[in-house]
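Before any comments, here is the structure.
Excluded from the calculations below are hydrogen atoms, water molecules and symmetry mates; all remaining heavy atoms, backbone and side chain alike, are included. As the structure is a prediction and not an experimental result, all values here were calculated from the model.
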Amino acid sequence: KLSHQRSLTIKKISVLIFLLTLSTWMSVPANCAKPVPKNPAIQKMYDEGLGLKRAEKIAEAAEVFAKIVRTDPADGDALQQLATVFSWLKKYDESIAAWKKAIALNPKNVEYHAGLARVLSWKGDLEQSKNEYLQVLQLSRNDFDALIGLGDIWMRLGNPGKARGYYLK
């Protein structure tokens, strides 16, 4: 009888572990791609690019991230970094192109859409920026960056009432 109770206890524990694992796996938001281990050489370059970015050697960081993207055009992390440093260099068209490639790889990634919206706004394309921020809100209903970005756009368009509506959400 004791052996049978142990067996049932072990089965219950196994089921609980399975359910916990399943719930953890299922709780990963749809907009988050599972990390893919990088080739060690690519990872080394990526880390070098981040180091250059932190050291504010932005043009050099852009070269490193561009090299990674040429080697692996599906590297969303490198595309995101490349788009970011291009925007800091005020190379808005190149930044927009990199954000669009990243979005094509992962259309539900909120950060990619928000990055594109931000650069479109900086470039002065407020209508496209507004559309991207609205896309962010479709993916993540109360995304702080999108709400602030939309408020800023409506202020720039001369509509403080509409801006306030986004700022207060």
Next on the checklist: Taking Q80's backbone N and O only, do any of them form a donor-acceptor pair with T84's side chain (distance below 3.5 Å, no angle check)?
Outcome noted: yes

Checklist outcome for this item: Residues at least two apart in sequence or cross-chain that pass side chain to side chain donor-acceptor pair (under 3.5 Å) with R156, listed by chain then number, are S121

Checklist outcome for this item: Rounded to the nearest 0.5 angstrom, the OH-CG distance for Y92 and L120 is 11.5 Å

Item to check | Minimum heavy-atom distance between L150 and K130, given as atom pair plus value | outcome: CD2-CG, 3.6 Å

Next on the checklist: With a 4.5 Å cut-off on side-chain heavy-atom distances among I, L, V, M, F, W and Y, is there a chain of contacts connecting M155 to L134?
Outcome noted: no

Checklist entry - Side chains of K123 and D93: closer than 4.5 Å at any heavy-atom pair? => result yes

Next on the checklist: Checking the side chain of H113 only, and the main-chain atoms of W99 only, is there a donor and an acceptor separated by less than 3.5 Å?
Outcome noted: no

Checklist entry - Can you tell me how far CD of E48 sits from NZ of K57, rounded to the nearest 0.5 angstrom? => result 10.5 Å

Checklist entry - Which heavy atom in A83 sits nearest to a heavy atom in S95, and how many Å separate them? => result O-OG, 2.7 Å

Next on the checklist: What verdict does the side-chain contact (heavy atoms from CB on, under 4.5 Å) test give for L137 and D143, after you've listed the backbone C-alpha separation in whole Å, the side-chain angles of each residue and the deciding distance to 0.1 Å?
Outcome noted: CA-CA 6 Å; L137 292 178; D143 185 87; 4.3 Å; yes

Checklist entry - Going by side-chain heavy atoms closer than 4.5 Å, which hydrophobic residues are tied to F86, directly or by a chain of links? => result I42, M45, Y46, L50, L52, I58, V64, F65, I68, V69, L79, L82, V85, W88, L89, L105

Checklist entry - Counting only heavy atoms not in K101, do more than 12 fall under 6.0 Å of its NZ? => result no

Checklist entry - If you measure from CD on E63 to CD on E60, what distance do you get to the nearest 0.5 Å? => result 6.5 Å

Next on the checklist: Using side-chain heavy atoms (C-beta onward) and a distance below 4.5 Å, is L116 in contact with I96?
Outcome noted: yes

Checklist entry - Is the closest side-chain heavy-atom distance between R118 and Y133 below 4.5 Å? => result yes

Distance-only donor-acceptor pairs under 3.5 Å for side chains of residues 160-169, two or more places apart:
residue: Y167; atom: OH; partner: G151; partner atom: O; Å: 3.3
residue: Y167; atom: OH; partner: D152; partner atom: N; Å: 3.1
residue: Y167; atom: OH; partner: D152; partner atom: OD1; Å: 2.5

Next on the checklist: If we count only N and O atoms by modelled type, under 3.5 Å, do the side chains of Q43 and D47 hold a donor and an acceptor together?
Outcome noted: yes

Checklist entry - Does S140 use its side chain to pair, donor to acceptor, with the backbone of V136 at less than 3.5 Å? => result no

